[in-house]
Amino acid sequence: MTDKFKMAAIQAAPVLFDKRASTDKAITLIAEASKRGAEIAAFGECWLPGYPFWVDGPVVDLTWEASAVFLENSVCLDGPEVSALCAAAKDYEIDITIGVAEKDPFTQGTAYCTALTIGREGKVLNRHRKLKPTHAERIIWGDGDASGLRVIDRDYGRTSALNCWEHQMMLPGYALAAQGTQIHSALWPGWEKTPREGEYCWARQHLLSRAFASQSASYVICAAGLRLKEHIPDRWKPLGEWEHSGASAIIDPRGEIIAQAGEGEEILIAEGSLEIVRAAKSACDIAGHYSRPDIFDIRINIAETKPRVEFNNPADATLYADEEE
């Protein structure tokens with residue numbers, strides 16, 4: 001292991017509703033992050049093919065048209081887009097975590113908000129589906145499972161990833177801290193707003209990312225998406241033109257912001273040190289010496305969710321529910 005490493009938060013707009021063009025742009029950004037010396041780079045939540053912004057607006061006929069196009073542009077793990085990202089990670093010798101809309105391989109009718117981690121070997125290292133879409137996001141995304149709720153060993157450190165308000169849930173973060181995460185990618189749609197009085201729900205990407213960094217004693221790449229009015233195709237502008245303006249940050253294990261992006265597209269780079277991680281964990285290891293296992297017993301079901309329908313007899317396509325549980 002080396003004690004020093006570089007992290008990148010890639011703040012850029014995808015090509016909305018176009019998974020191929022978005023993949024091509026991602027590869028260009030991956031190449032640039034590698035050129036600047038990053039061992040790991042993170043994109044925002046559902047970066048490919050773009051965050052489904054219309055779910056926060058009124059439900060009209062155009063909502064379902066947009067959702068259909070979004071589903072069409074969701075990716076499969078064995079599809080050409082993921083293959084191209086794997087090839088780029090290998091070519092440019094960099095690990096990447098990227099938010100994608102992942103199409104259910106069985107029904108082809110559900111998308112998951114997935115944090116996909118790809119290694120410099122050119123292989124998918126982990127797929128984590130968002131456990132619970134937030135509020136209106138449930139129109140477009142299905143519930144994930146905990147099969148990807150794990151930490152990955154790399155030569156520069158131990159990495160993990162969560163989407164957006166999974167950082168609000170507390171237990172997913174504890175599960176990763178218990179596995180010793182050191183470098184965490186926090187994927188967000190991308191805005192840091194000033195709430196109105198009486199408003200109780202917004203992303204809070206800096207607050208929750210800083211809390212995760214301090215509690216887990218790890219670096220956090222707070223990777224924020226970017227979507228301005230000019231990025232929305234004319235056909236979909238009636239669904240809403242509110243903006244995600246970015247505000248990516250990189251946070252140290254004390255919970256302090258050590259680098260922050262400005263407005264617009266930017267590859268934010270910061271250096272980390274495992275020595276600093278170790279010092280922070282020695283002060284407070286929430287799943288180790290700063291825990292009470294005699295009081296708290298936490299169990300996590302890491303089984304992958306699979307369809308509860310099987311074709312028992314191909315001759316007559318008899319369907320039955322799986323009752324193994």
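What you see is a predicted model, and the numbers here were worked out from it, not measured in a lab.
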Quick one: pull up [atom1] in [X] and [atom2] in [Y] and give me the separation to the nearest 0.5 Å.
| X | Y | atom1 | atom2 | value |
| --- | --- | --- | --- | --- |
| L125 | I152 | CG | CD1 | 5.0 Å |
| L77 | L116 | CG | CG | 6.0 Å |
| L85 | L48 | CG | CG | 6.5 Å |
| C76 | Q108 | SG | CD | 5.0 Å |
| L162 | E45 | CG | CD | 11.0 Å |
| S216 | D285 | OG | CG | 10.0 Å |

Within a strict 4.5 Å, meaning less than it, do heavy atoms of the [X] and [Y] side chains meet?
| X | Y | result |
| --- | --- | --- |
| C222 | I250 | no |
| T110 | W141 | no |
| V82 | D78 | no |
| T159 | T181 | no |
| R150 | H128 | no |
| R127 | S147 | yes |
| C46 | V100 | no |
| Q182 | L274 | yes |

State, to 0.1 Å, how close [X] and [Y] come at their nearest heavy-atom pair, and which atoms those are.
| X | Y | result |
| --- | --- | --- |
| A217 | V277 | O-CG1, 3.6 Å |
| I10 | A33 | CD1-CB, 4.3 Å |
| P238 | L62 | CB-CD2, 4.1 Å |
| P52 | I140 | CG-CG2, 3.7 Å |
| A270 | I258 | CB-CD1, 4.1 Å |
| A26 | F43 | O-CZ, 3.8 Å |

Whether over 12 other heavy atoms sit under 6.0 Å from [X] [atom1]:
| X | atom1 | answer |
| --- | --- | --- |
| Y174 | OH | yes |
| E304 | CD | yes |
| I298 | CD1 | yes |
| E263 | CD | no |
| K237 | NZ | yes |
| K6 | NZ | no |
| M169 | CE | yes |
| E275 | CD | no |

Measure from the side-chain N and O atoms of [X] to the backbone N and O of [Y], and report whether any donor-acceptor pair falls under 3.5 Å.
| X | Y | result |
| --- | --- | --- |
| E266 | G262 | yes |
| R129 | T114 | no |
| W47 | L187 | no |
| R158 | Q179 | yes |
| S34 | I94 | no |
| T23 | K19 | yes |
| T63 | V60 | yes |
| K103 | Y112 | no |
| Q205 | A247 | yes |
| R36 | I267 | yes |

Legend entry - Derivation of the side chain to side chain contact (heavy atoms under 4.5 Å, CB included) call for Q215 and M170: CA-CA 10 Å; Q215 290 168 340; M170 297 177 71; 5.7 Å; no
Check whether the side chains of [X] and [Y] place a donor and an acceptor atom closer than 3.5 Å, and report yes or no.
| X | Y | answer |
| --- | --- | --- |
| S248 | Q11 | yes |
| Y156 | D95 | yes |
| T117 | T97 | yes |
| Y219 | D252 | no |

Between [X] and [Y] (salt bridge meaning N to carboxylate O under 4.0 Å), is one present in this structure?
| X | Y | value |
| --- | --- | --- |
| R210 | E256 | yes |
| E65 | R235 | yes |
| E39 | R120 | no |

Inset, instruction - Go through R254 and S214 one step at a time and tell me if the side chain to side chain contact (heavy atoms under 4.5 Å, CB included) criterion holds. - result: CA-CA 5 Å; R254 304 170 303 162; S214 177; over 6 Å; no
Legend entry - ring-ring contact (aromatic ring centres under 6.0 Å, His included) partners for F17, two or more places apart: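 Scan of F17 (ring-ring contact (aromatic ring centres under 6.0 Å, His included), adjacent residues dropped) gives W54, W236.
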Legend entry - Evaluation steps, salt bridge (Lys or Arg N to Asp or Glu O under 4.0 Å), between D3 and R278: CA-CA 10 Å; D3 266 3; R278 288 190 287 267; 3.1 Å; yes
Inset, instruction - Check step by step if ring pair (Phe, Tyr, Trp, His ring centres under 6.0 Å) holds for Y51 and H244. - result: CA-CA 9 Å; Y51 183 84; H244 286 165; 5.3 Å; yes
Legend entry - Single-linkage hydrophobic cluster, 4.5 Å side-chain cutoff, I40 and I118 together: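 I40 and I118: separate clusters.
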Legend entry - Within the 6.0 Å centroid threshold, strictly below: H184 and H167: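 Yes, the ring centres sit under 6.0 Å apart.
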Legend entry - Distance flag, aromatic centroids of W188 and F212, threshold under 6.0 Å: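 No, they do not, as the ring centres are separated by 6.0 Å or more.
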Inset, instruction - Show your working on salt bridge (Lys or Arg N to Asp or Glu O under 4.0 Å) between E265 and K25 and close with a plain yes or no. - result: CA-CA 12 Å; E265 299 203 347; K25 183 170 182 178; 2.7 Å; yes
Inset, instruction - Apply the test side chain to side chain contact (heavy atoms under 4.5 Å, CB included) to residues L208 and W165: give CA-CA distance (whole Å), side-chain angles for both, the deciding distance (0.1 Å), then the verdict. - result: CA-CA 8 Å; L208 293 175; W165 254 30; 3.9 Å; yes
Legend entry - Steps toward salt bridge (Lys or Arg N to Asp or Glu O under 4.0 Å) verdict (D18, R20): CA-CA 6 Å; D18 191 331; R20 294 174 181 83; 5.6 Å; no
Inset, instruction - Go through the steps to decide whether E243 and R227 satisfy the test salt bridge (Lys or Arg N to Asp or Glu O under 4.0 Å), and finish with yes or no. - result: CA-CA 6 Å; E243 298 182 324; R227 190 202 65 258; over 6 Å; no
